[in-house]
Amino acid sequence: AGLGHLVGLLGRVRRARYVKDALDDANVNYGTNRTNLTSYALAATQLEDDPTFSSRLPQLWAGASAEVKNLLATYDKLKGDTRRSKFVSDMFGIKPSAVSTLNDAFV
C-alpha cells in the first residue's frame, strides 16, 4: 500500500525543489508558510529515516500546494515578479486568478 504513494514522486520532488529555489532567490522568508514545500523537496532524506513517511506524501503535496498558492496570493515580492509567479504557479498547476491575468496584460 505504501508503494502507491511513490508513483510520480520524483517529478513532484523536482517541481517542489524548483519552486523552493525560486522562492529562495526571491528572498521569501522561511517559516511556517513553507514547511510542507521544504519537506516535499527533501522527501528522499525523510523516506530513508522514516518508513511511514511515504503514506503522508499525498497530504504533504496538498499542503505544499496550499502554501505555494497562499504565497502567490499574499507575498508582495511574488506579486510584483510576474515571470517568477508564472513559473511557480505552472510548477504546481495553480491557475492564476483573473485579476492577476488582467494585470499581467498591462505590464
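In this text, all values refer to a predicted model and were calculated from it rather than measured experimentally.
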Nearest heavy-atom approach of A43 to L9 is CB-CD1, 4.5 Å

Hits for salt bridge (charged side-chain N to carboxylate O under 4.0 Å, His left out) against D24, two or more places apart or cross-chain, chain-then-number order -> K20, R34

d(D50 CG, R56 CZ) to nearest 0.5 Å is 4.5 Å

One should read off an interatomic distance between S85 OG and L78 CG, to the nearest 0.5 angstrom, of 5.0 Å

Taking D81 first and then K77, would you say they form a salt bridge - that is, a charged N and a carboxylate O separated by under 4.0 Å?
no

According to a hydrophobic-cluster definition based on side-chain heavy atoms being under 4.5 Å apart (Ile, Leu, Val, Met, Phe, Trp, Tyr only), do L10 and W61 belong together? no

The complete set of salt bridge (Lys or Arg N to Asp or Glu O under 4.0 Å) pairs with one or both residues in residues 60-76, sequence neighbours excluded, reads none

(request) Spell out, as yes or no, whether a donor-acceptor pair under 3.5 Å connects the side chain of K79 to the backbone of A73. (result) yes

d(L37 CG, L71 CG) to nearest 0.5 Å is 8.0 Å

* Hphob cluster co-occupancy, L60 + L42, side-chain heavy atoms under 4.5 angstrom -> no

To the nearest 0.5 Å, atom OG of S39 lies from atom CG of L57 at 10.5 Å

Begin from the C-alpha positions of M91 and V68 and carry the test side chain to side chain contact (heavy atoms under 4.5 Å, CB included) through to its verdict. CA-CA 10 Å; M91 286 288 105; V68 168; over 6 Å; no

Residue pairs meeting side chain to side chain donor-acceptor pair (under 3.5 Å), one or both in residues 8-19, sequence neighbours left out, come to R12-Y40, R17-D21

Walk me through it: do T38 and Y30 pass the test side chain to side chain contact (heavy atoms under 4.5 Å, CB included)? CA-CA 9 Å; T38 301; Y30 280 93; 3.9 Å; yes

So CG of N70 and OG of S65: to nearest 0.5 Å the spacing works out to 12.5 Å

